[in-house]
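Presented below is the structure to which this report refers.
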2 protein chains.
Amino acid sequence: MTLCIDWALWRSFLAVAEAGSLSGAARRLSLTQPTVGRHIEQLEGAFGQKFFLRSPQGLMPTEEALALLPQARAMAMAADSLERQASAPAEEARGIVRIAASHVVGVELLPEALAPLVDAHPGLETELALSNENSDLLRHEADIALRMARPTQGSLIARYLGEVPLGLFAHRSYLLRHGSPQEPGDLRGHLLIGADRDPAFLAALEAFGGAMTRRSFRLRCDSEAAQLAALREGIGIAICQRGIAARDPDLVPVLAGQVSFRLGCWLVMHDDLRAVRRIRMVYDHLGKCLPRMFKRQPVP
Amino acid sequence: MTLCIDWALWRSFLAVAEAGSLSGAARRLSLTQPTVGRHIEQLEGAFGQKFFLRSPQGLMPTEEALALLPQARAMAMAADSLERQASAPAEEARGIVRIAASHVVGVELLPEALAPLVDAHPGLETELALSNENSDLLRHEADIALRMARPTQGSLIARYLGEVPLGLFAHRSYLLRHGSPQEPGDLRGHLLIGADRDPAFLAALEAFGGAMTRRSFRLRCDSEAAQLAALREGIGIAICQRGIAARDPDLVPVLAGQVSFRLGCWLVMHDDLRAVRRIRMVYDHLGKCLPRMFKRQPVP
DNA sequence: GATCCGCTATACGGAAATGTATGACCCTAT
DNA sequence: ATAGGGTCATACATTTCCGTATAGCGGATC
């Protein structure tokens, strides 16, 4: 407020920092290199410090610019969110809704869950922001998020969807080749598929008190979607949501009665978006639809 | 991103919504009324909807605009924060630091706590954002916040400052006129000063199981600073931080050994600001300084 | 070593956004 | 009733800002 910096300058600032060059930023913003260059100049002039080191290879952010970067991103998120929200009148069921979820959920559950909704509302557009990290709703990275951890409040609205049942599964072909484990101890001889560095997963392993370590899993990957693909390929045994496994008749439960996990699941949205009808609608729909999908049993 | 709205338009949007008129917004932004009017026009054109109802008395936000408002504010917060952060090179101990706290703390503790710091660093500017509500660091309303509740994470860094000891106090003159209560039951006949609608306070009362209600307090006000002023005026008996009461020799503990409370206290900052030296510095200083002030004993 | 492709920096003409000035309207106060 | 302060809308001049074009620099490729 003190200096009244034109907000457009920050946009150029962020673009340059992310693109690494004036020209690159200009392309991204549909501007020209001299314009973006002037913006940066203007910014540096206003604050009396250099934000980028010029070089013929591009611009390198200085220490100061790096410190500003996260906040500039926050601003960009808010701007994007504004454009999404303004994309249609609040009381209509059309416009853009951005949903954050893990890769598996995005691949295996959301398409099916959203299908009837987008079908019924021709003006409704959905964006899936799939990521392993909990994307930050507070920064408006998405409108709605599906989370496996209780949201730690802070102007967020959450709905508990219940527990997602997990189990061990293997492809029929794998079991034909390697046999079916009959008790947990048998797992030692099998090829297990698990997460790579996912902290939640590693923490869960601790619970087994050393009986299972990261090394127990011979195919490690943080993308659950890739794990699922490997599972379907018959590479080994993996943990999978029962509801998802149930959709594939070739996936066979392993140690069904003996090994099982559950994961709490929350649907979260930002309080700011309470007034936006289409978001509320998607939120409510997912809130009804997903628990059913979690509970789905295999059809024999 | 889809439409590439100039960020400056959102700034005008917010200003108009908050000022209630084009002219007002123009003054606030150091622009002119036609310019701001064009901005709004442009925005409405881009999204194909009206955001304001024009009238000779000003502009009234439509339903749609109201839905966008919180996010526009979030964007403004981020912009303000950016300006603050850029106000000085990150590695220098000068620039602006914005601190959120309650009114009492802002009046009674922060000035004293900050004095040596601003004295030692001539370039350091501090802004106090005093409010009863927990101001939202995640929206960059402030750089550092002092809170009486455990921060519910989410990219926030927090330091536990320990428990703030509270007690009942009264001004010497009040006790001369009305006598000193000797046991908790005696409080019934006295004029108690307490909060008005503060949910935390009302929740705390529940703990007494109906023995104390909101009506037990004859002077009710949510501003603890005003409560303190009333206390000093000799109006009645109030709950007060012991450290604050200790600074005033005329404030006498009431039922000192028998009634006491404690309140957890956290110093919080946003993870994004970790790299900004001056903020870190103020954070560290307050982290050391405040616990001492909480524990301060009356000097007889 | 010559060529090409990426980048930045500078100069200049043109378009777009801004500011000034004015008119019309409404409310309030005299 | 009327003058004054507030508002928005419009027309016009100007300035500011942007884009085009070009020069200069460094690294990669052949």
Side-chain angles (χ1 to χ4, degrees), chain A residues 1 3-66 69 79 82-83 86, chain B residues 1 3-66 69 72 75 79 83:
Chain A
M1 208 50 104
L3 287 159
C4 264
I5 298 293
D6 185 347
W7 287 8
L9 301 187
W10 291 123
R11 173 179 236 179
S12 295
F13 171 85
L14 180 61
V16 169
E18 292 192 330
S21 75
L22 295 180
S23 318
R27 279 191 295 274
R28 202 184 281 204
L29 297 175
S30 306
L31 294 174
T32 58
Q33 169 255 320
T35 300
V36 178
R38 278 186 290 256
H39 284 177
I40 302 300
E41 238 170 47
Q42 220 169 316
L43 221 43
E44 293 179 328
F47 292 108
Q49 49 180 314
K50 288 267 166 268
F51 287 134
F52 296 95
L53 298 174
R54 269 78 165 173
S55 87
Q57 289 85 285
L59 276 73
M60 230 197 74
T62 62
E63 200 71 31
E64 288 77 39
L66 287 175
L69 222 50
L82 266 171
E83 287 197 26
Chain B
M1 208 53 102
L3 287 159
C4 266
I5 298 293
D6 185 347
W7 287 8
L9 300 187
W10 291 123
R11 172 179 238 181
S12 295
F13 172 86
L14 180 61
V16 170
E18 293 193 329
S21 76
L22 295 180
S23 318
R27 278 190 295 273
R28 202 183 283 203
L29 298 175
S30 305
L31 294 174
T32 58
Q33 168 255 322
T35 300
V36 178
R38 277 187 290 257
H39 284 178
I40 301 301
E41 235 170 49
Q42 219 171 318
L43 220 45
E44 293 179 329
F47 292 107
Q49 49 179 312
K50 288 267 165 272
F51 287 134
F52 296 95
L53 298 174
R54 269 77 165 174
S55 85
Q57 290 84 286
L59 275 73
M60 231 197 74
T62 63
E63 200 70 32
E64 288 77 39
L66 287 175
L69 223 49
M75 193 169 169
E83 288 197 26

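Proteins come first, then strands; the chains are lettered A, B, ... in the order of their sequence lines, and each starts at number 1.
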Close side-chain approach of H39(B) and R11(B), heavy atoms under 4.5 Å: no
Given DNA chain D, 5'-ward residue of the pair P34(A) and Q57(A), judged by closest heavy atom: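 It is P34(A) whose nearest nucleotide is closer to the 5' end.
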Roughly how far, to the nearest 0.5 Å, is the [atom2] atom of [Y] from the [atom1] atom of [X]?
X: Q33(B); Y: S21(B); atom1: CD; atom2: OG; value: 9.0 Å
X: E63(B); Y: L53(B); atom1: CD; atom2: CG; value: 10.5 Å
X: I40(B); Y: L59(B); atom1: CD1; atom2: CG; value: 7.5 Å
X: M60(B); Y: R54(B); atom1: CE; atom2: CZ; value: 13.0 Å

Touch class at under 4.0 angstrom, heavy-atom based, for T32(A) against every strand present: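 It contacts base atoms.
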Distance test, side-chain N/O of S21(A) to OP1/OP2 of dC7(C), below 4.0 Å: yes
Interface limits on DNA chain D, where chain A has a heavy atom under 4.0 Å of a nucleotide atom: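 First-to-last contact on DNA chain D, by the 4.0 Å heavy-atom rule, is dC18(D) to dG26(D).
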Quick check: does any side chain N or O of [X] sit under 3.5 Å from a backbone N or O of [Y], one acting as donor and the other as acceptor?
X: E83(A); Y: I5(B); value: yes
X: T62(B); Y: K50(B); value: yes
X: E44(B); Y: F51(B); value: yes

Rounded to whole angstroms, how far apart are [atom1] on [X] and [atom2] on [N]?
X: Q33(B); N: dT22(C); atom1: CD; atom2: C1'; result: 11 Å
X: M60(A); N: dG6(C); atom1: CE; atom2: P; result: 22 Å
X: R27(A); N: dC5(C); atom1: CZ; atom2: C1'; result: 12 Å
X: L22(A); N: dT8(C); atom1: CG; atom2: P; result: 4 Å

Ring geometry between F47(B) and W10(B) (parallel below 30°, tilted from 30 to 60°, perpendicular above 60°): tilted
Residue that, paired with S12(A), satisfies side-chain contact (heavy atoms from CB on, under 4.5 Å) out of T35(A), L29(A), D6(A), L22(A):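 Of all the options given, the one that passes is L29(A).
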Residues within residues 35-44 of chain B bordering DNA chain D, heavy-atom distance below 4.0 Å: none
Exercise: identify the closest heavy-atom pair between A19(A) and A25(A):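 Closest approach of A19(A) to A25(A), heavy atoms only: CB-N, 3.5 Å.
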Selection: residues 49-56 of chain A, any non-hydrogen atom under 4.0 Å of DNA chain C: R54(A), S55(A), P56(A)
